Amino acid sequence: MNLNSYSFASDLDDFMPKLASLPVEWDGKACVLELKEADYNWKQMEWWAFYFEFKVLQKLKNICSIPGDRIERVEFDMKTQINWDIKAKAIKSDDHKVILNDTIAMQESISNHGFHGEIIGLCDVEYNDRNRSFQRWHTELKGGLSQYEIKRMAGPSTFSRYRKTSAVLSEIIYILFDENDLEKLNQMNQGRNSNDKPRPPKYMLDLEHIDDFQHEKQEI
DNA sequence: ATCATCGAGGAGTTTAATGG
DNA sequence: CCATTAAACTCCTCGATGAT
């Protein structure tokens with residue numbers, strides 16, 4: 001394999017025109033229904049992030065392999081000559097850090113192909129579900145509370161994360177990492193899994209330091 | 001003394017694969 | 001077939017610290 005033959009610019013030339021036609025204003029209910037229609041993660045709490053992933057894959061399916069490489073238990077979203085993963089980030093949140101992928105898997109991805117890419121959708125999200133009406137609608141669509149939720153409500157912690165009711169896609173960032181970049185990233189220890197077992201760390205990108213990396217921005 | 005900010009660590013949910 | 005495990009997608013709270 002020739003690691004020098006990869007061209008970031010060429011991937012961008014392919015991606016950017018296609019993603020320019022992504023939907024921009026995402027209504028929560030409409031998006032969940034669209035995901036349900038496609039049977040694609042429509043019950044998820046972070047529906048907007050799955051929606052972004054879903055639409056990007058839909059636009060790029062003819063020019064990428066889906067999914068990408070699988071490394072141990074980790075599977076990347078798609079692949080050209082290199083692996084790509086698709087992330088969404090709420091831009092109005094307190095921190096400006098994007099959780100990326102498993103540290104070992106990213107290292108492996110880079111040593112196999114020379115580079116690793118991430119497509120990050122920045123969204124202006126509405127957290128106005130104070131009265132939980134969207135959440136109630138979603139729960140009803142799902143056919144009631146899940147076992148996981150019932151268990152949580154029986155425990156000491158009874159807070160359920162606020163839902164986003166809508167999102168507006170404002171910018172897409174394409175970023176490329178090589179082997180020297182990884183040490184510049186923060187790490188995110190994911191705490192526990194849903195079954196209380198610990199999870200291995202992921203890399204995390206501070207958007208304030210994005211100039212340390214090769215990247216391209218696309219305004220929507 | 002009080003307020004804003006930051007990082008660490010804990011949390012919230014579903015799904016697919018595995019094991020019995 | 002049901003239970004368990006560990007992926008996926010991220011956010012939120014809390015205590016320490018520095019600023020007013």
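Here the structure is a predicted model, which is why all the values come from computation and not from measurement. Computed from heavy atoms alone, side chains included, the values below leave out hydrogens, waters and symmetry copies. Each chain gets a letter, A, B and so on, in the order its sequence line appears, and its residues count up from 1.
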Subject >> Whole-Å distance separating the CD atom of Gln135(A) from the P atom of dT13(B) >> reply: 7 Å

Original post:
For DNA chain C, what residues of residues 57-69 of chain A have any heavy atom nearer than 4.0 Å?
Top reply: none

Original post:
Which of the following nucleotides, dG7(B), dC11(C), dG12(B), is nearest to the side chain of Lys97(A)?
Top reply: dG7(B)

**OP:** When you get a sec, tell me which of dT13(B), dT10(C), dA8(C) is the closest nucleotide to the side chain of Ala88(A)?
**Re:** dT10(C)

Subject >> Carboxylate-amine/guanidinium contact Arg161(A) Glu46(A), below 4.0 Å >> reply: yes

Original post:
Partners of Gln187(A) by side chain to side chain donor-acceptor pair (under 3.5 Å), sequence neighbours excluded?
Top reply: none

**OP:** Please collect all ring-ring contact (aromatic ring centres under 6.0 Å, His included) contacts where either partner lies in residues 59-92 of chain A, sequence neighbours excluded, each pair once.
**Re:** Phe15(A)-Trp84(A), Phe76(A)-His116(A)

**OP:** Would you list the pairs meeting ring-ring contact (aromatic ring centres under 6.0 Å, His included) in which at least one residue belongs to residues 25-45 of chain A, sequence neighbours left out?
**Re:** Trp26(A)-Tyr51(A), Tyr40(A)-Phe54(A)

Original post:
Checking all strands, does Val74(A) fall into the base, sugar-phosphate, or nothing category for heavy-atom contacts under 4.0 angstrom?
Top reply: sugar-phosphate

**OP:** Using the salt bridge (Lys or Arg N to Asp or Glu O under 4.0 Å) rule, collect all pairs that involve residues 22-38 of chain A, keeping only residues at least two apart or in two chains.
**Re:** Glu34(A)-Lys55(A)

Under the salt bridge (Lys or Arg N to Asp or Glu O under 4.0 Å) test, which residues partner [X], sequence neighbours left out?
X: Lys87(A); result: Asp85(A)
X: Asp69(A); result: Lys79(A)
X: Lys89(A); result: Asp95(A)
X: Lys43(A); result: none

Just the atom pairs and distances: protein N or O near nucleotides 14-16 of chain B's N or O, under 3.5 Å.
unit_1  : atom_1 : unit_2    : atom_2 : d
dT14(B) : OP1    : Lys142(A) : NZ     : 2.9
dT14(B) : OP2    : Ser146(A) : OG     : 2.3
dT14(B) : O4'    : Gln44(A)  : OE1    : 3.0
dT14(B) : O4'    : Gln44(A)  : NE2    : 3.4
dT14(B) : O2     : Gln44(A)  : NE2    : 3.4
dT14(B) : O4     : Ser194(A) : OG     : 3.1

Original post:
Does Lys164(A) make a side-chain N or O approach to OP1 or OP2 of dT10(C) shorter than 4.0 Å?
Top reply: no

Original post:
Has Arg163(A) got a side-chain N or O lying under 4.0 Å from the OP1 or OP2 atom of dT13(B)?
Top reply: yes

Original post:
So how far off straight is the helix from dA1(B)-dT20(C) to dG20(B)-dC1(C), going by the axes through five pairs at either end, to 10°?
Top reply: 30°

Only distances under 3.5 Å count here; give the side-chain donor-acceptor pairs of residues 170-179 of chain A to other protein atoms, sequence neighbours excluded, each with its distance to 0.1 Å.
unit_1    : atom_1 : unit_2    : atom_2 : d
Ser170(A) : OG     : Leu122(A) : O      : 3.1
Tyr174(A) : OH     : Gln218(A) : OE1    : 2.5
Asp178(A) : OD1    : Asn180(A) : N      : 2.8
Asp178(A) : OD1    : Asp181(A) : N      : 3.2

